[in-house]
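Below is one structure, written out as structure tokens; the observations come after it.
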Amino acid sequence: MRILILHGPNLNLLGRREPEVYGRTTLAEIDEALGRIARKAGCTIECVQSNAEHELVERVQAAMDDGTDGIVINPAAFTHTSVALRDALAACGRPFVEVHLSVPEAREPFRHESLLADLALARVSGFGAHSYNYGLEGLIEHLKAAASE
Ligand code: DQA
């Protein structure tokens, strides 16, 4: 099983970006924890971070042909703005989990809308760095159940 982990803009700064909102865990530490979960489950993950919308769109497009079974994505600010990322995920057709460290709906009004949520298999938010772990675990369970049907 092959899972793509996508991190959107400014998540490369985790650890020193507004730690009162996003915590002190770095992106490298998040990816390491995801790697441990994937190894235990016998899955392969690839982690990609980009600040550029077109790079995220292109990586989602590539997932249509590279054997990716599912995606965990924190679209960051693109959650609220990117029709292009939404369209790419819709075209890709792989199940994806939308994760957020914070609870966007509990923050500024411009964060209340997600352009991706209605396409997502699930959404995990508010657990800080652990949101990723729960998102990955849930996606793995879902893919295993689907494979055994
Ligand atoms: C975020 C929430 C977004 O509103 C914000 O733009 C981010 C991070 C989160 O993980 O809580 O960059 O996706």
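Whatever order the structure lists them in is the order used to number ligands and atoms, beginning at 1.
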Pairing residues for D65 by the salt bridge (Lys or Arg N to Asp or Glu O under 4.0 Å) criterion, not counting sequence neighbours: none
Residues in salt bridge (Lys or Arg N to Asp or Glu O under 4.0 Å) contact with R94, at least two apart in sequence or another chain: none
Test item: side-chain donor near acceptor, E98 and T79, under 3.5 Å: no
Partners passing side chain to side chain contact (heavy atoms under 4.5 Å, CB included) against A146 (at least two apart in sequence or in another chain): none
Distance-only polar pair, side chains of R107 and S102, donor-acceptor under 3.5 Å: yes
Pairing of E108 and R111 as salt bridge, 4.0 angstrom limit: yes
Which pairs of N or O atoms, one from ligand 1 and one from the protein, are separated by less than 3.5 Å, and what is the distance for each pair?
residue, atom, partner, partner atom, Å
ligand 1, 4 (O), H80, NE2, 2.7
ligand 1, 4 (O), R111, NH1, 3.0
ligand 1, 6 (O), A77, N, 3.2
ligand 1, 6 (O), R111, NH1, 3.0
ligand 1, 10 (O), N74, ND2, 2.9
ligand 1, 10 (O), L101, N, 2.8
ligand 1, 11 (O), L101, N, 3.3
ligand 1, 11 (O), S102, N, 2.9
ligand 1, 11 (O), S102, OG, 2.6
ligand 1, 12 (O), R17, NH1, 3.1
ligand 1, 12 (O), R17, NH2, 2.9
ligand 1, 13 (O), N74, OD1, 2.8
ligand 1, 13 (O), H100, ND1, 2.8

